Amino acid sequence: MTVALMWEARAADGRGEELLAWARAQRLTGRPVRRETFRAPRDRVLVITWWDAPYDAELPELPEPDGTLVTRAVHRWRFESVADG
């Protein structure tokens with residue numbers, strides 16, 4: 001089974017590039033099958049990691065950045081893949 005972990009944060013005003021650099025520099029204890037980093041308007045950063053693991057597996061996640069770097073707590077979601085059809 002493939003599990004996708006999504007991590008999304010919104011940077012404090014004018015700190016979008018700093019949050020993006022911070023997220024890209026974070027290392028996980030374990031290696032995901034895939035990892036992608038995205039950015040969006042209003043200085044939002046999204047990181048998705050894919051893991052070959054059961055849905056409820058203990059998996060490493062990106063931490064919360066320093067509170068001065070973001071405008072709110074990080075949002076996190078977990079999804080499992082399903083077959084198309």
Side-chain angles (χ1 to χ4, degrees):
M1 168 183 297
T2 300
V3 176
L5 301 182
M6 296 177 66
W7 176 102
E8 186 264 341
R10 183 170 175 205
D13 286 340
R15 299 187 71 186
E17 288 300 319
E18 188 178 348
L19 178 60
L20 178 61
W22 180 90
R24 294 177 76 190
Q26 299 305 302
R27 298 294 166 241
L28 299 169
T29 58
R31 187 171 180 153
V33 173
R34 186 166 135 202
R35 176 178 172 162
E36 288 191 57
T37 304
F38 302 86
R39 65 175 157 196
R42 297 179 28 213
D43 291 330
R44 289 177 294 148
V45 174
L46 171 69
V47 178
I48 305 173
T49 56
W50 286 263
W51 303 86
D52 185 17
Y55 183 80
D56 58 353
E58 290 284 329
L59 297 169
E61 296 192 46
L62 271 65
E64 293 276 336
D66 179 295
T68 64
L69 187 57
V70 294
T71 60
R72 58 168 166 72
V74 168
H75 291 175
R76 299 169 194 272
W77 300 274
R78 182 178 288 225
F79 294 90
E80 65 182 338
S81 64
V82 294
D84 290 334

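Just so you know, these numbers come straight off a predicted model, no measurement behind them.
- Linking Ile, Leu, Val, Met, Phe, Trp and Tyr residues whenever their side-chain heavy atoms come within less than 4.5 Å leaves L62 and W50 in two separate clusters.
- Looking only at distances, a side-chain donor or acceptor of R78 sits under 3.5 Å from a matching main-chain atom of Y55.
- Both L28 and W22 are part of a single hydrophobic cluster, where members link through side-chain heavy atoms under 4.5 Å apart.
- When atom types are taken as modelled, the side chain of W77 and the backbone of A4 share no donor-acceptor pair closer than 3.5 angstrom.
- Looking at R44, its side chain does come within 3.5 Å of a backbone N or O of P41 through a donor-acceptor pair.
- Considering OG1 of T71 and CG of D43, their distance stands at 9.0 Å, rounded to 0.5 Å.
- Residue-environment remark: CZ (R76) exceeds the threshold of 12 foreign heavy atoms within 6.0 Å.
- E8 approaches L46 most closely through the heavy-atom pair CB-CD1, 4.0 Å.
- Side-chain atoms of W51 and P60, non-hydrogen and from C-beta on, do get closer than 4.5 Å to each other.
- Between W7 and P65, the shortest heavy-atom contact is CZ2-CD, 3.9 Å.
- For G16 against V45, the heavy-atom pair with the smallest separation is O-CG2, 4.5 Å.
- The two residues A9 and V70 make their nearest non-hydrogen contact at CB-CG1, 4.1 Å.
- Across R27 and R24, no two heavy atoms sit closer than the pair NH1-O, 3.3 Å.
- The closest donor-acceptor contact from the side chain of R10 to the backbone of R42 lies under 3.5 Å.
- No chain of hydrophobic side-chain contacts below 4.5 Å, direct or via other Ile, Leu, Val, Met, Phe, Trp or Tyr residues, connects V74 to M6.
- For the pairing with V3, the side-chain contact (heavy atoms from CB on, under 4.5 Å) check across D56, L59, D52 returns one residue only, L59.
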Which pairs of donor and acceptor atoms, one on a side chain in residues 33-40, lie under 3.5 Å apart (sequence neighbours left out)?
{"residue": "R34", "atom": "NE", "partner": "E36", "partner atom": "OE2", "Å": "2.9"}
{"residue": "R34", "atom": "NH2", "partner": "E36", "partner atom": "OE2", "Å": "2.4"}
{"residue": "R35", "atom": "NH1", "partner": "Q26", "partner atom": "O", "Å": "2.9"}
{"residue": "R35", "atom": "NH2", "partner": "A23", "partner atom": "O", "Å": "2.9"}
{"residue": "R35", "atom": "NH2", "partner": "Q26", "partner atom": "O", "Å": "3.1"}
{"residue": "R39", "atom": "NH1", "partner": "E17", "partner atom": "OE2", "Å": "2.7"}

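- M1 and F79 are not part of a single hydrophobic cluster, where members link through side-chain heavy atoms under 4.5 Å apart.
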